[in-house]
Amino acid sequence: MVTHKAPNNSRIMAVAWFLAKRQILRSNKYTTALIIFIMMLTFLNLVVISGILIGLIEGGNIANKEQYTGDLIITTIAGDPYIKSTYAISNTLHAMSDVENVSVRYFEGGQVEANYKTRRDFSDLPDTVGTQITGINLGNEEALSHLSKYVVEGDFLDANESGYILIGANLLHRYSSTFGDAFASLEGVYPGDEVKVTVNGRTKTFIVKGIVDTKVNEVSLRAFMTTEDFLRLVDRPGLNANEIAVDLKPGSFTTPDILKSNLEKAGFAGDGKIQTATEAIPEFLNQIRLAFGLLGNVIGLIGIVVASITIFIVIFINAVTRRKYIGIMKGIGISSKAIEISYVFQSIFYALLGGGFGMILVYGLLVPAFNAHPLDFPFSDGILVAPLSGTLFKFALLLIVTLAAGYVPARMIVKKNTLDSILGR
Amino acid sequence: MISIKNLVKTYKTKHTETLVLRGVDLEVKEGEFLGIMGKSGAGKSTLMYQIGLLDHPTSGEIILNGKQTEQLTQNDRTLMRLSELGYVFQDYALIPELTAKENTMIPLLMQGLSREEAGDISTRMLAKVGLANRENNLPSQLSGGEQQRVSIARAIAHNPKILFADEPTANLDSVSGKAIIELFETLHADGQTIVMVTHEEEYAKYCDRVVYLEDGKITREFKPK
């Protein structure tokens, strides 16, 4: 039966939905598609720009973890020459069921000299470069950082051979010239060439086995040899190391933080500096990440403002051109709220579809594409960082802003005098 | 049913003030078919908009169905228009995105009827105005006469106590116009109170009573029947 009570919210919503649905379905399809496209671009602007900026740093962080630190890294405490109790720490780590790989690294500052056989003018300085000469257990290092994957010239070291060295690409001029004069570098060193390695006044010749190139400077700026060769070259008392990198089993219950805590509880806190991969990220990279994140958010906010203005204009023009019909609806007793909400529903529709298509594009195409083909930057392989929670938050933000941008112009038109609207005055 | 006392309406702009209604007194009985006539600019439509609660009079008193309307809030006026009054406009005033049936359904949905109930009533009303087979057509797919029939179906669907019609035949050819006025006559025969503004003498003869407005005042009235 017909009731003469003031319409309740559910009745208002039902009429608003009735009107909105038909306005959307029977409006110009191209206009609707264009609005949805604009909303999608706005959403992408919100997610992708900041995602790429953060991804430049995140790509570096991931590479740092995968190729250098592992899930946790133990280094020397400032002032100490080595990690104390290396043997005990290594044994403890190997005994932990969730630990998958442990790589113990030894290094000393030294010099690599090249081209000494072809040097003609001895008044010129020798072709040398200062670096960290690093001794590694090939099997353990390969398991942890897959170092052989990054050999770009020649071959990886062989545990059965002696007298061979891997040179980091950034120590060579042909690889590091893009950095300008930031690093001293060697000219024309190729696999098979002989180099002199000097550590603490002791010099030995090595044959270059390969060139290793990654975007992690701790790898590309070092020279690697087997632990045995290192210990033969360097006069180091005991077997205390300089770095211990640890990988946890994938999906294990133990997190890097728990592992760190366990090592500290085991009494190793005073023997070396224990850091998770996240903690080991250099502070300046964290600062850049924050700055890039902020920059991305500012760009995203500008996008949001542009989107809200766009929606405002679209709804305003829609409402202005339909002012007469809005007046008629008010005239025949349709509540102002129902009319306003019908426009809000339309705005939500545009935002949902635009954002929805944006989500599909981000997770269905862009994230996989960036993972497969990262952006090639000098310091990292840039990926697209779009965590679902952050993306959903931005989706909700777009929805709220759009909702307001749809409501305000509708309210402005609906508020106008009913008769003036009907008569177009 | 309708009682108007000393109704005055003035339109003000920055520099001018136009007195459109100059103290109109009028009584309309339940079931009466009242015609309002007059020359262009006499204030016919303005009078109807005041009675139909589409506008606020400058002064005076309007009592509709025993209710004083001056003190009604905007929401009360909207609710009264929805539940007790029906409107037929000169230019049909249909919502272009809605089909004939949907146009007829909106006031019913706003009154709280379910989609099915509103749909059933709309179908019956459209059949009553002779558009049984056009209910799924959009206004753009209907002729002027058909659009005005939809407008009438919408105006009577919720069984209003008073039906207001502002020159409902003005945009129609003589055949369509006659059909519309005969439809009003049928509704009136069923007991519907109708207030119709018209400037066409031939349609005024269908009214029980006609008031003639001149320069914002009722100067004469007559009973054509």
Side-chain angles (χ1 to χ4, degrees), chain A residues 1-29 31-32 318-319 321-343 345-346 414-425, chain B residues 11 13 45-46 48-50 52-56 65 73-99 102-115 117-118 121 138-140 151 154-155 157-161 164 166:
Chain A
M1 268 309 292
V2 173
T3 62
H4 294 173
K5 288 179 191 163
N8 56 25
N9 285 341
S10 66
R11 213 191 296 174
I12 287 169
M13 287 294 176
V15 172
W17 175 241
F18 183 86
L19 291 170
K21 188 177 163 189
R22 280 148 187 82
Q23 274 197 37
I24 290 166
L25 289 175
R26 290 170 190 155
S27 64
N28 186 302
K29 302 279 181 294
T31 310
T32 306
N318 189 353
T321 53
R322 296 178 45 78
R323 186 178 156 218
K324 176 183 171 69
Y325 304 110
I326 289 173
I328 290 162
M329 284 196 275
K330 282 168 69 187
I332 62 173
I334 308 302
S335 85
S336 299
K337 261 191 193 169
I339 300 167
E340 287 159 13
I341 292 170
S342 76
Y343 281 95
F345 278 148
Q346 288 179 63
V414 170
K415 254 173 62 180
K416 291 197 180 294
N417 179 283
T418 304
L419 189 60
D420 286 348
S421 295
I422 293 173
L423 299 178
R425 293 197 294 225
Chain B
Y11 286 112
T13 62
S45 295
T46 303
M48 202 201 78
Y49 297 144
Q50 314 307 309
L53 305 185
L54 288 171
D55 201 5
H56 292 267
N65 305 322
T73 64
Q74 201 59 46
N75 283 344
D76 290 338
R77 289 166 73 89
T78 304
L79 188 59
M80 198 158 173
R81 289 200 298 266
L82 176 69
S83 54
E84 298 183 30
L85 312 178
Y87 302 88
V88 176
F89 296 94
Q90 182 178 332
D91 59 356
Y92 331 127
L94 299 176
I95 309 302
E97 295 86 12
L98 303 183
T99 63
E102 289 163 350
N103 262 291
T104 314
M105 281 170 73
I106 327 179
L108 299 170
L109 293 173
M110 195 73 241
Q111 286 188 331
L113 267 69
S114 69
R115 195 72 70 87
E117 287 173 313
I121 293 173
L138 291 168
S140 58
S151 175
R154 181 180 66 187
H158 59 293
N159 200 19
K161 290 183 177 149
F164 293 98
D166 183 16

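What's counted below: heavy atoms across the whole structure, side chains too, no hydrogens, waters or symmetry copies. Not measured: the values here are computed from a predicted model. Chain letters run A, B, ... following the sequence lines, proteins first, then strands; residues in each count from 1.
The closest side-chain heavy-atom distance from A:Ile422 to B:Tyr49 is not below 4.5 Å. Side-chain contact between A:Arg26 and B:Thr99: present, with at least one pair of heavy atoms (C-beta onward) separated by less than 4.5 Å.
Residue contact with chain B, scored on non-hydrogen atoms closer than 4.5 Å, is absent for A:Leu25. For B:Met80, no part lies near chain A; criterion is any non-hydrogen pair under 4.5 Å. Only the side chain of B:Arg115 comes within contact range of chain A, judged by heavy atoms closer than 4.5 Å.
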For residues 89-97 of chain B, run the donor-acceptor check on the side chains, cut-off 3.5 Å, and write out each pair with its distance to 0.1 Å, sequence neighbours left out.
residue	atom	partner	partner atom	Å
B:Asp91	OD2	A:Lys324	NZ	2.4
B:Glu97	OE1	A:Arg322	NH1	2.6
B:Glu97	OE1	A:Arg322	NH2	3.3
B:Glu97	OE2	A:Arg322	NH1	2.5

Atom pairs and distances, side-chain donor-acceptor, residues 326-335 of chain A, under 3.5 Å, sequence neighbours left out:
residue	atom	partner	partner atom	Å
A:Lys330	NZ	A:Val414	O	2.6
A:Lys330	NZ	A:Lys416	O	2.7
A:Lys330	NZ	A:Thr418	OG1	3.4
A:Ser335	OG	A:Ala338	N	3.1

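Annotation: maximal heavy-atom pairing with chain A below 4.5 Å, among B:Asn75, B:Asp55, B:Leu98, occurs at B:Leu98.
Side chain of A:Arg11 to backbone of B:Gln111: a donor-acceptor contact under 3.5 angstrom is found.
Atom CZ of residue A:Arg22 and atom CG of residue B:Asn103 lie 11.0 Å apart, to the nearest 0.5 angstrom.
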